[in-house]
Amino acid sequence: MKTLIVSLLAILSMVSPDDKANLEAIRNRDVKISVNTIIPSGMPSQVVTDEYTITIKDGKVKADLPYMGTANTAIIPGVDETGMVFNDCPIEIEENDKKADKGEYLWRFKAMCGNETVDVNITLMTNGSATIICSPANRSVITYYGSFGEE
């Protein structure tokens with residue numbers, strides 16, 4: 001335990017002030033990710049010119065992200081075909097900080113998008129970069145890249 005504390009203190013002393021603020025946002029589970037690139041499954045990446053964000057705060061997720069991809073089944077009533085839309089959806093974040101020594105934190109949770117359950121994996125780096133992978137139940141996987149700060 002003593003070794004772990006000493007290691008964490010050593011890591012924090014090497015981190016820039018921005019990295020410290022980002023680490024605090026991760027620890028507080030309070031982030032707003034601005035998306036700049038979308039990679040639909042099996043399609044080329046798309047640079048985003050509009051402002052798209054996903055916000056995680058107070059145990060809820062809020063987002064209105066564009067979706068490009070294919071449906072695996074017929075359109076289901078209540079599923080928003082236009083994007084990954086989460087309206088203050090309550091979530092339980094499962095954290096994995098096995099790569100914390102490298103500044104990488106992984107969050108996993110399920111969220112409702114209309115009537116569709118979406119598995120969401122978010123990788124947050126203390127340098128402020130973020131990757132979001134959304135795996136909808138009835139549509140193909142889509143990946144978003146961006147940056148974050150404290151909400």
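Side chains are part of it too, since the values below use all heavy atoms of this structure and drop only hydrogens, waters and symmetry mates. We count residues from 1, following the sequence as given.
Side-chain atoms of Glu116 come within 3.5 Å of backbone N or O of Asn138 as a donor-acceptor pair. Without hydrogens or angle criteria, Asn127 side chain to Ser129 main chain gives a donor-acceptor distance under 3.5 Å.
When every heavy atom of Ile133 is checked against every heavy atom of Thr143, the shortest pair comes out as CG1-OG1, 3.9 Å. Heavy atoms only, all atoms of each residue included: Ser135 and Val141 are closest at OG-CG2, 3.7 Å. Between Glu92 and Phe109, the shortest heavy-atom contact is O-CB, 3.5 Å. Ser140 and Ser41 make their closest contact through CB-CB, 4.1 Å (heavy atoms, listed as atom of the first residue, atom of the second, distance). The two residues Asp50 and Val48 come nearest to each other via the heavy atoms O-CG1, 3.0 Å. Across all non-hydrogen atoms, the minimal contact from Leu106 to Arg108 is CD2-NH2, 3.3 Å.
Comment: Lys60 does not engage Asp88 in a salt bridge, judged by the lack of any side-chain N to carboxylate O separation of less than 4.0 angstrom. By the 4.0 Å N-to-carboxylate-O rule, Glu95 lies close enough to Arg29 to be salt-bridged with it.
Within the 4.5 Å cutoff, the side chain of Asn121 has no heavy atoms near those of the Trp107 side chain. Inter-residue side-chain proximity for Tyr105 and Thr126 is flagged as met; some heavy-atom pair is nearer than 4.5 Å. Between Ile26 and Phe148, the closest side-chain pair of non-hydrogen atoms falls below 4.5 Å. In this structure the side chain of Ile33 reaches within 4.5 angstrom of the side chain of Leu124, judged on heavy atoms. Using a 4.5 Å cut-off on side-chain heavy atoms (C-beta onward), Met84 and Tyr67 make contact.
Of the options Ile91, Asn87, Ile93, Val118, a side-chain contact (heavy atoms from CB on, under 4.5 Å) to Val61 is made by Ile91 and by none of the others.
Inspection of the Thr123 and Tyr145 side chains reveals no N or O donor paired with an N or O acceptor under 3.5 Å.
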